[in-house]
Amino acid sequence: MEAHERQAALEQFRASHERLMGLVERLTPAQWSFRPGEGRWSIADCLEHVTAVEKRVVGAIQKQLAGPGDPEKRKLTEGKDAVVRRMIPDRTAKIEAPEPVRPNGRWPELSELLAQYHATRESTMKFVEETAADLRSRSWPHIALGELDCYQWLLTIGHHGDRHARRVEEIRRHPEFPTA
């Protein structure tokens, strides 16, 4: 990973973390669990999903890094950094979460959910800070964006936090959102 890529990824992780935490700090239990409609996600569901996705993607990156890289794969992912930065935070295109990362109450206590989120983000940032691996020669397909290299997957999870920060903002603006 190039120094500027590492810096960009770390800045995105910090920014999305600060944004999410700024939106959820001091929420009441009723606000955490409020659902704006039937089958809609709560703020707790959003944070659980962000955490589950991040754990899964970083695990997949580490698994990819255990095998050999394929420089030919770079052709499939060229130019997609900008696409990731533009498309992932955009909430106009709805993407249904795959079953393994849908909220299911993995961490039912808010303190446990927040602890898992913080530990996951800390682990991700440590990985980004320390990895010397060639992330550009390993890839796998994204459900909506096609083939992404491992660096683009890091960008994806960084911007995924922004996507769900926007969702949290939508929930908080709902007319029936509980007052503090």
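Keep in mind it's a predicted model, so treat the numbers as computed, not measured.
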Are H118 and E122 close enough, and set up right, to give a side-chain contact (heavy atoms from CB on, under 4.5 Å), and what steps lead you there? CA-CA 6 Å; H118 288 296; E122 184 178 315; over 6 Å; no
Assess the residue pair R35 and D45 against the criterion (side-chain contact (heavy atoms from CB on, under 4.5 Å)); give the C-alpha distance rounded to whole Å, side-chain angles, the decisive distance to 0.1 Å, and a yes or no. CA-CA 9 Å; R35 293 178 189 283; D45 290 337; 2.4 Å; yes
Stepwise side-chain contact (heavy atoms from CB on, under 4.5 Å) test for R167 and D162: CA-CA 9 Å; R167 191 171 199 170; D162 281 340; over 6 Å; no
Would D70 and S137 count as a side-chain contact (heavy atoms from CB on, under 4.5 Å) if you check the C-alpha gap in whole Å, the side-chain angles of each, and the deciding distance to 0.1 Å? CA-CA 5 Å; D70 181 357; S137 65; 5.6 Å; no
E169 and R19: CA distance, side-chain angles, deciding distance, salt bridge (Lys or Arg N to Asp or Glu O under 4.0 Å) verdict: CA-CA 10 Å; E169 289 168 341; R19 186 173 180 193; 3.1 Å; yes
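Here the side chains of W107 and T51 are in contact, with some heavy-atom distance below 4.5 Å. At a threshold of 4.5 Å between non-hydrogen side-chain atoms, the residues R6 and L135 do not count as touching. The shortest side-chain heavy-atom distance between H49 and N104 does not fall under the 4.5 Å cut-off. Using a 4.5 Å heavy-atom threshold, the side chains of R172 and F34 count as separate. Looking only at side-chain heavy atoms (C-beta outward), M21 and L47 come within less than 4.5 Å of each other. Side chains of Q12 and L155 form no contact here, defined as non-hydrogen atoms less than 4.5 Å apart. In this structure, the side chains of W32 and V24 come closer than 4.5 Å at one or more pairs of heavy atoms. Within the 4.5 Å cutoff, no side-chain heavy atoms of S139 are placed close to those of L148.
Ion pairing of E54 with R121 is present here, as a side-chain N (NZ or NE/NH1/NH2) and a carboxylate O approach within less than 4.0 Å. For the pair R102 and E99, the salt-bridge criterion is met [side-chain N within less than 4.0 Å of a carboxylate O]. A salt bridge does not link K75 to E78: none of the charged side-chain nitrogens sits closer than 4.0 Å to a carboxylate oxygen.
With hydrogens and angles disregarded, no donor-acceptor distance shorter than 3.5 Å links the side chain of H159 to the backbone of V84. Side-chain atoms of T124 come within 3.5 Å of backbone N or O of T120 as a donor-acceptor pair. A donor-acceptor pair under 3.5 Å links the side-chain atoms of Q31 to the main chain of P178, judged by distance alone. Listed for the W153 side chain is a donor-acceptor partner under 3.5 Å among the backbone atoms of W140. A donor-acceptor pair is defined here as one N or O able to donate and one able to accept, closer than 3.5 Å; such a pair exists between the side chain of Y151 and the backbone of E5.
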Residues 86-94 side chain polar contacts: donor-acceptor under 3.5 Å, at least two apart:
{"unit_1": "D90", "atom_1": "OD1", "unit_2": "T92", "atom_2": "N", "d": "2.9"}
{"unit_1": "D90", "atom_1": "OD1", "unit_2": "T92", "atom_2": "OG1", "d": "2.6"}
{"unit_1": "D90", "atom_1": "OD2", "unit_2": "T92", "atom_2": "OG1", "d": "3.0"}
{"unit_1": "R91", "atom_1": "NE", "unit_2": "E170", "atom_2": "OE2", "d": "3.2"}
{"unit_1": "R91", "atom_1": "NH2", "unit_2": "E170", "atom_2": "OE1", "d": "2.7"}
{"unit_1": "K94", "atom_1": "NZ", "unit_2": "R91", "atom_2": "O", "d": "3.0"}

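More than 12 heavy atoms of other residues, nucleotides or ligands lie within 6.0 Å of CD in E129, so this atom counts as buried by the packing criterion.
Distance CE/M1 to CD/Q7: 11.0 Å, rounded to 0.5 Å. The OG1 atom of T156 sits 11.0 Å away from atom CZ of R163, with the distance rounded to the nearest 0.5 Å.
For residues 141-159, every residue pair satisfying the salt bridge (charged side-chain N to carboxylate O under 4.0 Å, His left out) rule, not counting sequence neighbours, is listed here: K73-E147, R136-D149.
Q116 pairs with exactly one of E48, K55, R106 by the side chain to side chain donor-acceptor pair (under 3.5 Å) rule, that one being K55.
Listed here is the closest heavy atom pair of P36 and I171: CG-CG1, 4.1 Å. Of all heavy-atom pairs spanning R138 and G67, the tightest one is NH2-O, 3.1 Å.
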